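The next block holds one structure in the form of structure tokens; read it before the comments.
Owing to the predicted nature of the structure, the values given are computational and were not obtained by experimental measurement.
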Amino acid sequence: MPTQTPKYRAPALDKGLDILELLAGAHKPLSIAEISEGVGRSRGEIFRMLLVLEERDYITRGDGDSGYSVTTRLFRLGMEQPPVKSMIEAALPVMHQLADTSGQACHLVVPSHEQIVVITRVDPPGEVALVVRVGHRRPMSKSTSGHVLLAFQDDAVRERWLDMIVKYEPTLDRKKLTKLLVKLRERGYASEPSQVVDAVTDLSAPVLQHGRAVCALTIPFIAQRTEARTTMDDVIAELQRSTREISDALHFGAAARPD
């Protein structure tokens, strides 16, 4: 089926969005030559656009000639959207209580195209925890939070997301991942070894609206030798209680309050 031609075009806007999307998906700063090749436009076409985007704080240049990268400006703008603000307002009081009772850090994750992104976090009162920075991104297929977001969707939505992910990861074993998602949904939460840090188990559970995950609450669990001796099972129970409380708060349109 042929791709439908857009009815209206704004060439300058197209160029700016192409640049932002390219830099957002890059794992390192890109030079002008790399950006030119990546968006399929000449250096002359993109030079002024780079200057404007830099002046407006959407992109930045590193020291010397290290190239361009995106700033957090788009992320900050997205965080101002009412649904995101409401989600964070509902979650934060519960997350603080979870961090206090579990002695573990926790963070809230939402989908962002084929990736996940951390939108807020809470650190525990103790001295030892694995903290994930706000704005951190990972491929959805390679993160415990992403598995939760995929598992708790309608079948049609999940298949559409998987189609999108495969475009970025052609070697992905889709059948294997789907089997994992089925088991995860039956269990109600995810417990997987961290793919980033040894000796850490990522625990994650969905925050639901109308039966679908709008975000995932995740704990990078570290076993600690404390007097309380809180077990992983204890933390999982607290995590699930917390996600139910946040889900209820979103459903009834009021910020959740810790007991």
Side-chain angles (χ1 to χ4, degrees), residues 1-89 107-121 131-143 145-146 149-150 157 160-172 195-196 214-216:
M1 182 176 180
T3 303
Q4 186 176 0
T5 303
K7 187 175 182 180
Y8 301 106
R9 300 306 299 261
L13 181 58
D14 278 341
K15 279 188 283 189
L17 293 175
D18 286 344
I19 292 169
L20 288 174
E21 290 175 357
L22 175 68
L23 292 177
H27 299 292
K28 64 179 182 63
L30 300 181
S31 66
I32 293 180
E34 289 171 323
I35 296 172
S36 173
E37 181 179 356
V39 299
R41 299 177 185 271
S42 69
R43 295 191 187 193
E45 285 184 281
I46 67 172
F47 180 71
R48 290 184 182 179
M49 188 63 64
L50 291 171
L51 292 179
V52 173
L53 289 172
E54 186 177 10
E55 289 175 357
R56 297 290 294 268
D57 192 35
Y58 285 99
I59 64 175
T60 185
R61 272 184 294 182
D63 296 333
D65 192 24
S66 60
Y68 291 89
S69 57
V70 290
T71 67
T72 59
R73 180 168 174 76
L74 281 174
F75 179 74
R76 296 195 304 268
L77 289 174
M79 295 280 282
E80 291 300 314
Q81 290 296 303
V84 178
K85 292 185 74 172
S86 297
M87 192 184 302
I88 293 173
E89 289 169 355
H107 54 269
L108 200 67
V109 167
V110 295
S112 177
H113 205 55
E114 88 288 0
Q115 300 180 327
I116 56 94
V117 59
V118 177
I119 61 171
T120 193
R121 79 173 197 223
V131 174
V132 181
R133 65 175 174 81
V134 173
H136 171 72
R137 289 177 174 270
R138 287 274 295 163
M140 194 180 297
S141 67
K142 297 179 180 178
S143 68
S145 304
L149 291 171
L150 280 165
V157 172
R160 187 169 70 248
W161 286 13
L162 288 170
D163 289 342
M164 174 182 61
I165 291 169
V166 168
K167 291 180 181 179
Y168 290 86
E169 301 175 51
T171 60
L172 177 71
Q195 297 189 36
V196 179
V214 292
C215 57

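Listed by first and then second residue, the salt bridge (charged side-chain N to carboxylate O under 4.0 Å, His left out) pairs that reach into residues 108-117 come to none, sequence neighbours excluded. Here salt bridge (charged side-chain N to carboxylate O under 4.0 Å, His left out) pairs that include residues 16-30, with residues two or more places apart or in two chains, are Asp18-Arg41, Lys28-Glu34.
Between Leu149 and Val214, the shortest heavy-atom contact is CD2-C, 4.4 Å. Shown here for Lys15 and Glu45, the closest heavy-atom pair between the two residues is NZ-O, 3.5 Å. Across all non-hydrogen atoms, the minimal contact from Gly146 to Ile116 is CA-CG2, 3.6 Å. Of all non-hydrogen atoms in Met164 and His113, the two that sit nearest each other are CE-O, 3.1 Å. Residues Ile119 and Val134 come closest through the heavy atom pair O-CG1, 3.7 Å. Nearest approach of Pro29 to Gly67, heavy atoms of both residues: CB-C, 3.8 Å.
In this structure, OG1 in Thr71 is found 10.5 Å from CG in Leu23, a value given to the nearest 0.5 Å. Expressed to the nearest 0.5 Å, how far OG of Ser31 lies from CD of Glu37 amounts to 9.0 Å. Within the model, atoms CE of Met140 and OG of Ser145 stand 10.5 Å from one another, a figure rounded to the nearest 0.5 Å. Of the inter-residue distances, the one linking Ser36 atom OG with Leu50 atom CG reads 9.5 Å to the nearest 0.5 angstrom. With rounding to the nearest 0.5 Å, the separation of CD1 in Ile46 from CG in Leu51 is 10.5 Å.
With a 6.0 Å radius and a threshold of 12 heavy atoms from other residues, nucleotides or ligands, Glu54 has its CD atom above the threshold.
Legend: residues meeting side-chain contact (heavy atoms from CB on, under 4.5 Å) with Val157, ordered by chain and number and at least two apart, are Gln153, Asp154, Arg160, Trp161, Arg212.
Under the side chain to side chain contact (heavy atoms under 4.5 Å, CB included) test applied with Arg56, the options Leu53, Val52, Ile59 reduce to a single match, Val52.
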- Run the side chain to side chain contact (heavy atoms under 4.5 Å, CB included) check on His107 and His136 step by step: do they pass? CA-CA 10 Å; His107 54 269; His136 171 72; over 6 Å; no
- Task: Quick one: do Val110 and Met87 satisfy side chain to side chain contact (heavy atoms under 4.5 Å, CB included)? Show the steps, please.
- Result: CA-CA 10 Å; Val110 295; Met87 192 184 302; 3.9 Å; yes
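Residues Val132 and Arg121 have side chains not in contact (no heavy-atom distance under 4.5 Å, counting atoms from C-beta outward).
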